[in-house]
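Following: one structure in structure tokens, then a few remarks.
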Amino acid sequence: MADPNGYPTSNTDGFDDDFPGDWPSAPVEPYSAPAGGIAARAMAARRGPDYFEGLNPEQRHAVETLEGPVLVLAGAGTGKTRVLTTRIAHILATGAAQPSQILSVTFTNKAAREMKQRIAGFIGGNVEGMAWLGTFHSICVKILRRHAELVGLKSGFSILDTDDQLRLIKQILQAEGIDEKRWTPKAFASLMDGWKNRALTPAQVSAGEAGAFAGGRGREIYEIYQDRLSILNAADFGDLLLHVITLFKNNPDVLAEYQRRFRYMLVDEYQDTNVAQYLWLRLLAQSNPNVCCVGDDDQSIYGWRGAEVDNILRFEHDFPGATVIRLERNYRSTSHILATASHLITHNEGRLGKTLFTDFEDPEDQKVAIASGWDSQEEARSIGEEIEALQANGHALNDIAILVRASFQMREFEDRFVTMGMNYRVIGGPRFYERMEIRDALAYLRCVLQPSDDLAFERIVNTPKRGLGDATLKLVHELARLERIPLMQAAFQLCQTEELRPKARNALKDLLAQFEGWRGQLETKSHLELTEIILDESGYTEMWRNDRSAEAPGRLDNLKELIRSMEEFESLAGFLEHISLVMDRDSAETMDAVSIMTLHSAKGLEFDTVFLPGWEEGLFPHQRSLDETGRAGLEEERRLAYVGITRARKKATIWFTSNRRIHGQWQSSIPSRFLDELPAEHVEIVEQSSSYGGYGGGGYGRSGMAASRFDRQDTFQNSYSTPGWQRAQKARSSQSESFERGRFGDSARKDGPRTIDGELVAKSVSETPSDYSVGERVFHMKFGYGSIISIEGNKLTIDFEKASVKKVLDNFVERH
DNA sequence: GGGGTTAAGATTTTT
DNA sequence: TCTTAACCCC
């Protein structure tokens, strides 16, 4: 069957009717011309299909080399996604495979979504057949649901999030009598994560490593944990991969089916794969080498969560006969930016080596700027002013980003921007589905759907408060463990006895009856209605309505948003499956605002203008990274710097300050060693015009933090004699000017809503005196309720009930 | 069960 | 310095 666009189609679940049983045992291989053969040369002489339009020769090579292993080393901004999607289009158009025969893996849902959209552009909307385009995890779930029994699960298994995981570990540690202070659940979780990232089952954990926890009981705890999961019929994120690997290893017939199915495999962001993902891929690629991995070793920044740069470095070794294609032609940044980033990254050892270049050079292009200030406040203020100036020149705020190393740096900017009335948005941060109220609501839904979901039940059994305290729960737990039954069932049995005090018994009975009632409505009510009913009848919404804290209104909004987001799903089960895997939410932000985010979350994005504050030793490179992983850590930090610089299309400005407050303590800081690794000819030191105080000089470098611990001390100390550094110092010490120049009232900025977390809305700053009066009770989105102590113009000093005394602009509060 | 006090910990984050 | 979670007492 073919669709109107001539592309082969297949059904949408990825499991064709003929799969696995009726899979043709000897499929007719589509002919593919050998590279360099007569047909190939004849074809190359001809104009390619439309989708080749605009590809450069390397990109085209990457698209056309369909057979055998291919590694595409795609530098930043070299059209990586384009190559991937065009390659898929090419596979489909040449008839080399059906959509359902292409395995294409990404790391994030966002990447998967974008890829689907772009492919839809090529093949006319019909991407439903691309059933195997998704994240590692979502693909694994799909496989596992089919073969759950083979790894000791039932098909309806639930997927635990990190919160559930921690609570479970905690219970186990308690039950095993392990001191939670000495051996924290968190520590165990990350240890176990490490094992799962390397595809180690409990039996495979080496004695040495197992010994690193609770006096040698690491493996034992891991085993108990896995046991518990299988009793709960649940899997954590790491398990999703691990179970599939186990499945493949123990069931060659199952593996063979998938090997036959996937004619072409594509992996995006290959530098981010961990050992488990690598093994997973190797298993699938055993009999079929048509693997195309795309990645950039220079952008590997997730080593700390198990990514192995080695995977990409060893590709040619692991996949013999691999074609390696380098994409170095950059379409994003100016030559100064590229040269700066390229030069910096050459300081790393153990890279495959690429040098970005651009064909477009404009004498007007600005060099990468290096600016410095006295402290982080000045940094925020100056950057704010520069952004204001850009805005005045018609620069869209949406094309400006501030990329920080650590999220605590964001606060300074938020504070400053709130004061200035500058639109900004924080990207990243706590995700929607991780919020307490959302998790609670989901726990209710999970309980309705899966009465055996103990973790969900525990979560909400006494939320809102029903008088079911520790004592009651302890009895339920004991019975459940004794009888090896789920908590809800134990609770039910307990209600039949006299063991509980009448009050608790009735409360528990009522709750169980409610769940029964909700379950009864599964068939008759839509999942939207039912969710509303549940949240209502359980008293959950009421709980927040009665809550007087600052966050309560937002939480109620989030609950509404949750219900709204369920609309796109057919059923409760479908919705729950989706959100356990897709923890992100793409907010439709339309407003013009500066983006503030961490360097990590900036990967894959680009902006005209990028500010990179906080380039100081200890912060960037981060001390902890150096302490924990030494040289490898330093190199990863350097790659992070590389990622940061290459986000900029036209202008990058790097900042460092002499003083920074860390954990409330002011500390003097010294410029990042990375600054001295930048190429002088592409960088300019900015003379500060608005700095104040002046920096007194005087050897803060040597007495600075941790200088003696650096493994490259010689290079490092030399940094004080480099011309760049001296000029930067000179520029800094010469100034003193008041910085409190009228920030208010001089703004020709257009009015618009301001957001914090994409939600808080404020209006413009003005000198109009506030019409609030002293003593009035007001509400502030971030600080909650408070009363006004004093007023200056539109600045209110408020004594907050839940926060301290703060000064805020009157636009940010409302009467109460 | 709630409210108040104290202690610990404070990179990066997706699934 | 500030936030969060645990803890203790009523």
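From a predicted model like this one, the values you see are computed outputs, not experimental measurements. Protein chains get the first letters and strands the later ones, always in sequence-line order, with residue 1 at the start of each.
The shortest non-hydrogen separation linking A/Pro621 to A/Ser672 is CD-OG, 3.5 Å.
Listed nucleotides: C/dC2, B/dG2, B/dT12. Nearest to the side chain of A/Arg411: C/dC2. You'll find that the side chain of A/Ala406 is closest to B/dT12, out of B/dT12, B/dT15, B/dG1. Closest to the A/Thr135 side chain, of the nucleotides B/dT15, B/dT11, B/dT13, is B/dT15.
Judged by distance alone, the side chains of A/Gln450 and A/Asp453 never bring a donor and an acceptor atom under 3.5 Å apart. Defined by atom type and a distance below 3.5 Å, a donor-acceptor pair is present between the side-chain atoms of A/Gln226 and A/Asp239.
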*Report the C-alpha separation of A/Met543 and A/Tyr540 in whole Å, then their side-chain angles, then the decisive distance to 0.1 Å, and conclude whether the side-chain contact (heavy atoms from CB on, under 4.5 Å) test is met.*
CA-CA 5 Å; A/Met543 178 181 97; A/Tyr540 192 74; 3.6 Å; yes
_Working for side chain to side chain donor-acceptor pair (under 3.5 Å), residues A/Arg282 and A/Tyr278_ = CA-CA 6 Å; A/Arg282 277 296 295 268; A/Tyr278 162 79; 2.7 Å; yes
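Heavy atoms of A/Lys170 sit under 4.0 angstrom from primed sugar atoms or phosphate atoms, though from no base atom. Within 4.0 Å of A/Asn462, counting heavy atoms only, lie sugar-phosphate atoms of the nucleic acid but no base atom. Counting any heavy atom pair closer than 4.0 Å across all strands shown, A/Leu468 reaches sugar-phosphate atoms only and no base atom. As judged by a 4.0 angstrom heavy-atom cut-off over every strand, A/Glu637 is placed among the base-contacting residues. Counting non-hydrogen atoms under 4.0 angstrom, A/Gly428 reaches nothing in the nucleic acid. In this structure, A/Gln165 reaches neither bases nor backbone, as no heavy-atom distance under 4.0 Å exists between it and the strands shown.
The residue among A/His137 and A/His622 whose nearest nucleotide of DNA chain B is located toward the 5' end is A/His622. Between A/Thr184 and A/His600, the residue anchored closer to the 5' end of DNA chain B is A/Thr184, taking for each the nucleotide with the nearest heavy atom.
For A/Arg661 against C/dT1, no side-chain N or O and base N or O form a donor-acceptor pair under 3.5 Å.
Between the CG atom of A/Asp627 and the C1' atom of B/dT12 there is a distance of 15 Å, given to the nearest Å. One atom, CZ of A/Arg638, and another, C1' of B/dT12, lie 18 Å apart when rounded to the nearest Å. Regarding A/Leu473, its CG atom lies at a distance of 13 Å from the C1' atom of B/dG1, rounded to whole Å. Rounded to whole angstrom, the span from the CZ atom of A/Phe620 across to the P atom of B/dT11 amounts to 16 Å. Between the P atom of C/dA6 and the CG atom of A/Leu173 lies a distance of 13 Å, rounded to the nearest Å. Look at CG on A/Asp272: it is 12 Å from P on B/dT15, rounded to the nearest Å. Rounded to whole Å, the distance from CE on A/Met597 to C1' on B/dT11 is 17 Å. Rounded to whole angstrom, the span from the CG atom of A/Asn197 across to the P atom of B/dT15 amounts to 14 Å.
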Between the protein and nucleotides 7-10 of chain C, list the N/O to N/O atom pairs that are separated by less than 3.5 angstrom.
from  : atom 1 : to       : atom 2 : distance (Å)
C/dC7 : OP1    : A/Lys181 : NZ     : 3.4

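Residues meeting the ring pair (Phe, Tyr, Trp, His ring centres under 6.0 Å) test with A/Phe674, sequence neighbours left out: A/Phe620. When the ring pair (Phe, Tyr, Trp, His ring centres under 6.0 Å) test is applied to A/Phe188, the partners found at least two apart in sequence or on another chain are A/Phe213.
For B/dA10, the OP1/OP2 oxygens have no side-chain nitrogen or oxygen of A/Lys186 closer than 4.0 Å. Contact between the side-chain N/O atoms of A/Thr598 and the OP1/OP2 oxygens of B/dT13 is found at a separation under 4.0 Å. In this model, the phosphate group of B/dT13 is not approached by any side-chain N or O of A/Arg305 to a distance below 4.0 Å at OP1 or OP2.
Comparing C/dT3 with B/dT12, their P atoms sit 16 Å apart, to the nearest whole Å.
Residue ring and base: A/His663 does not count as stacked with B/dG9 (centre distance below 5.5 Å and interplanar angle below 30° not both satisfied). An aromatic stacking contact links A/Trp304 with the base of B/dT12, defined here by ring centres under 5.5 Å apart and ring planes under 30° from parallel.
Put simply, the residue from A/Arg446, A/Arg439, A/Arg459 that forms a salt bridge (Lys or Arg N to Asp or Glu O under 4.0 Å) with A/Asp164 is A/Arg446. Evaluated for a side chain to side chain donor-acceptor pair (under 3.5 Å) with A/Arg405, the options A/Glu616, A/Glu637, A/His622 yield exactly one hit, A/Glu637.
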